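What follows is a set of notes on a single structure, which appears directly below.
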Amino acid sequence: MKFEEISRDMMQFIEKSPSCYHVIENLRALFREAGYQELLEHERWRLEPGGRYVTTRNGSSLIAFSVPQGCYRGYMIAAAHSDSPTFKLKETHEMEVKGKYVSLNVEKYGGMILSPWLDRPLSVAGRVTVEREGRLESRLVDIGRDLALIPNLAIHMNRSVNDGAALNPQKDMLPLLRMAGGEHTMMGLAAEAAGVEEADILSSDLFLYNRMPGTVWGADREFISSPRLDDLQCVYAAAKGLLEAENETHIAMCAVFDNEEVGSGTKQGAGSTFLEDVMKRINGAFGRDLEDYLIDVANSFMASADNGHALHPNYPEKADEGNRPFLNGGVVIKYSANQKYTTDSVSSAIFKAVCKKAGVPFQVFANRSDILGGSTLGNISNAHVSLNTVDIGLAQLAMHSPYETGGVQDTAWLLKALRVFFSSGIFCGENAAYRLSGGEIHVHETEEKE
Ligand code: CO
């Protein structure tokens, strides 16, 4: 596939994944179609050499992995996150205004840029939990049409609107849903979309989303814009990379965690036991003991993949002088002295070797020393499963806007790098010495032909 086709395919994946639950359901289907066998957390796992498996937690996190034919020696893990900043509908969410309008009562999920949510068609997606024949079931919901909108206040009533007006989430950011006394309630629409009776819905996790689809743009069609590039661009590349990889020595694993945008500290986040539980169950299923497990972890590596900031054309002074990536410049390796990013000279060198093997350009990112950056998955996951980790991602603009911008070539660069990563193995030696094996033999028909 060509660069643009890969980015378009990625944006189609985003378009059909309006909530983190849809992300995981679509990934699960992708892996199932590719022959991955589903494992349920509440059942005993029976695994075989050469097997490929997928498991989920809470319907919002997923781990897929392939086992080599022979005896495996460790794990090659790429992690990314399924969630993006948005607004969540409160449990009681319809509010009447002056007996004439009905607005939605929402609260912020994650740290977001508020202003671009104004004056654009929005919809609602997520899940509802229903009671059916004495059982509780969760059902996906996507209203799938222009449903609500957060109108700006006219400039005549707010003359300072262009001077950096503050936006209060409880005052300024409430979407208009309908006229009072209208026919369709929010829950009625959700029930219809879920194919259930409204009376059977016990609770809901419903979120707003931007209806604008992704697009390729620019004088030479070199840019892409789409909702949720952070982090579904990395999710897409990790999932596809795993599907296209073959590894003869290591278990190749794609881990997609929910709740990164709110600190990862949930039962399904990177701060949970999900990854550790899966690795220990694999270990047990192959009859290995704790000593075997710890040896395997020493011969393992994680690429924590989450998008990073490209130099902004209007604000070049916000980027570090030498450590700033650009759109279309390839995979970004992220550094932070205080270890907000896990990258160190060893893990960086290992990942650079992977990129070189893949023929993929890489660039580096560090925050300006006077700007406090964000955090991500790697160091949080390391608290549970401590292994050599590098923080990577793709360069983008307007992070945490409901419409983010990236480079059309970069999705393919990350996909290619992760395909080689998942096909490689790490072997630990003395004194932080490592050997990288494999990964060179797999040239696929999806190779870019530009
Ligand atoms: Co992110």
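Atoms considered below: every heavy atom in the structure, side chains included; atoms not considered: hydrogens, waters and symmetry mates. Just follow the structure's listing: the first ligand is 1, and inside any ligand the first atom is 1. Treat the numbers as computed from the prediction; the structure is a model and nothing was measured.
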Kindly confirm whether the Co ion (ligand 1) is within less than 2.8 Å of some N/O/S atom in E260? no
Would you say T411 and S7 are linked by a side-chain donor-acceptor pair, where the criterion is simply a distance under 3.5 Å? yes
Carboxylate-amine/guanidinium contact K240 E244, below 4.0 Å: no
Atom name of the N, O or S atom of D306 nearest to the Co ion (ligand 1) is OD1
Report yes if the side chains of V67 and L47 come closer than 4.5 Å at any heavy-atom pair, otherwise no. no
Give a yes or no on whether C234 keeps an N, O or S atom under 2.8 Å from the Co ion (ligand 1). no
D230: its N/O/S atom lying closest to the Co ion (ligand 1) (atom name): OD1
Is the ring pair F421/F351 parallel, tilted or perpendicular, if the boundaries are 30 and 60 degrees? tilted
